Amino acid sequence: MRVVTAAEGTTRAGDGPAAARIPVFGAPYDWDPIDDAVRRHGAAVVSGLIGTDQVAGFNREVDDWIAADAGRLAPETESERYNLFLGRRTLRIHALPAKIEASHDLITHPEVLGCVERLLSHWSNGALLSAAEVIQIGPGESSQLLHRDTASWWPHLERSEHPWNVSAMIALTRFTEENGATRVVPDSYDWPLERRPHPSQIRRAVMEPGDVLFFRGDLLHGGGANRTASQDRRGVTLSYCAGWLRPVDNIMLAIPPARAASLSDELLSMLGYTAHDSTGIRGGLVGTYDYTDPLRALRSGELH
Ligand SMILES: O=C(O)CCC(=O)C(=O)O
């Protein structure tokens, strides 16, 4: 394991000791300090984790999807405020498991998932995919509002040293300060909700394609402004939650049983096709189908 550098690079005049950096770890990966950095500071970049071929294959599928569907990719929700939050010059592809086949191997990538599952393990013996989205920030986009992903559930839920929602943002192009590298406020996961960061506390996840920013869902973060004339910043974000929590995206509607039948058990369990079993710790079961495990029902032909 090698701690390479701080992700934002330079220290600017006025940076106080309180302005923490995003730790960056390179190969060979030693996961204990990486897990620890994400847990204690809220974020870490793991450089070169996703191979060049995997990134290239993913990008090819995304290019094809965009070429076929570009007119509809800046999301239009019923809320103008939410549309602004999502960005008017940002292309987004949601429900990835149904649209981009290369997402399957990323969602179950052993090292990505290993890190996420260890971080969630205080709360859950298994993770669910909560949302998966390609986010391509286009030239002229402004900075996204800093936010916590956990606000989707219940913003006032008591915070803990252990996260129950963890995301991996995988760089599919270079992430630079100019083209919209993710903005992150290290250590902000346990701040009072109303506390805003000093500008010097906002760091940038400067990354190369294949680098991964792991961050806690309760950490303040947001997309950066794209001040370039012609460069898209493309990433894919995979957000995972405790296995008993309701995911943000209703992914089983995107992958109904007829489509699910050809997918691996491991992927299906991330998509909600297995029950979460806490009986081993005197708990119960959630996500069952007619008293049984949905995966068993799927494989026996009971679900169509
Ligand atoms: O694109 C990014 O860097 C972050 C985007 C984000 O946090 C979001 O859209 O919720």
Side-chain angles (χ1 to χ4, degrees), residues 7-8 22 24 38 42-47 50 55 58-59 62 66 73-77 79-96 100 103 106 112 116 129-153 155 163 165-186 188-189 196-197 202-228 231-241 247-249 251:
E8 183 160 7
I22 308 172
V24 180
V38 182
V45 168
V46 179
S47 60
I50 309 298
V55 170
F58 195 96
N59 271 332
V62 171
I66 290 176
L73 289 174
E76 285 292 344
T77 70
S79 154
E80 191 44 37
R81 226 170 129 205
Y82 194 50
N83 291 343
L84 285 176
F85 171 78
L86 294 173
R88 307 317 288 143
R89 294 189 168 84
T90 297
L91 297 185
R92 291 176 181 261
I93 310 176
H94 243 269
L96 282 190
I100 306 290
S103 69
L106 274 190
V112 171
V116 166
L129 183 72
S130 176
E133 187 180 16
V134 166
I135 304 178
Q136 179 169 302
I137 300 180
E141 185 61 275
S142 43
S143 292
Q144 189 186 37
L145 189 75
L146 290 171
H147 61 280
R148 295 182 165 89
D149 289 343
T150 48
S152 297
W153 284 275
N165 171 222
V166 174
S167 291
M169 166 62 91
I170 300 165
L172 297 169
T173 60
R174 295 187 74 209
F175 275 36
T176 66
E177 292 199 37
E178 292 71 38
N179 75 8
T182 308
R183 302 187 309 145
V184 167
V185 185
S188 60
Y189 59 89
R196 308 315 301 165
I202 303 173
R203 297 298 182 174
R204 309 298 297 275
V206 172
M207 299 195 280
E208 293 297 317
D211 292 356
V212 182
L213 167 72
F214 288 93
F215 62 99
R216 298 174 56 124
D218 44 12
L219 192 78
L220 281 173
H221 70 282
N226 187 331
R227 295 191 302 270
T228 70
Q231 247 181 60
D232 288 318
R233 189 232 68 179
R234 182 187 287 175
V236 53
T237 173
L238 305 174
S239 179
Y240 302 84
C241 64
V248 167
D249 277 359
I251 297 168

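Along the sequence shown, residues carry numbers from 1. Both counts, for ligands and for their atoms, begin at 1 and track the order of listing. Keep in mind that this is a model prediction, so the values were computed, not measured.
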Subject >> Shortest protein heavy-atom distance from atom 6 (C) of ligand 1, along with the residue and atom involved >> reply: Gln144 OE1, 3.1 Å
Original post:
Identify the closest protein heavy atom to atom 4 (C) of ligand 1: which residue and atom is it, and at what distance?
Top reply: Gly223 N, 3.6 Å
Original post:
Got a donor-acceptor contact below 3.5 angstrom from the Arg233 side chain to the Ile135 backbone?
Top reply: yes
Subject >> Test item: Asn83 side-chain N/O and Thr77 main-chain N/O as donor-acceptor pair under 3.5 Å >> reply: yes
Subject >> Thr90 versus Glu141, side-chain donor and acceptor atoms under 3.5 Å >> reply: yes
Subject >> Exercise: do Ser239 and Asn165 side chains pair donor with acceptor under 3.5 Å >> reply: yes
**OP:** Look at atom CZ of Phe85 and say whether more than 12 heavy atoms of other residues, nucleotides or ligands are closer to it than 6.0 Å.
**Re:** yes
Element-labelled atoms of ligand 1 that are located less than 4.0 Å from some non-hydrogen atom of [X]:
X: His147; result: 6 (C), 7 (O), 8 (C), 10 (O)
X: Thr182; result: 2 (C), 3 (O)
X: Arg92; result: 9 (O)
X: His221; result: 7 (O)

Original post:
What part of Arg233, side chain from CB on, backbone N/CA/C/O, both or neither, has a heavy atom under 4.0 Å from ligand 1?
Top reply: side chain
Original post:
Is any side-chain N of the basic residue among Arg234 and Asp232 closer than 4.0 Å to the acidic one's carboxylate O?
Top reply: no
Original post:
Do any nitrogen or oxygen atoms of Glu133 lie less than 3.5 angstrom from nitrogen or oxygen atoms of ligand 1?
Top reply: no
Original post:
Does Arg183 come within less than 4.0 Å of ligand 1, judged by its heavy atoms?
Top reply: no
Subject >> Shortest non-hydrogen contact between Leu172 and Val55, atoms and distance >> reply: O-CG1, 4.0 Å
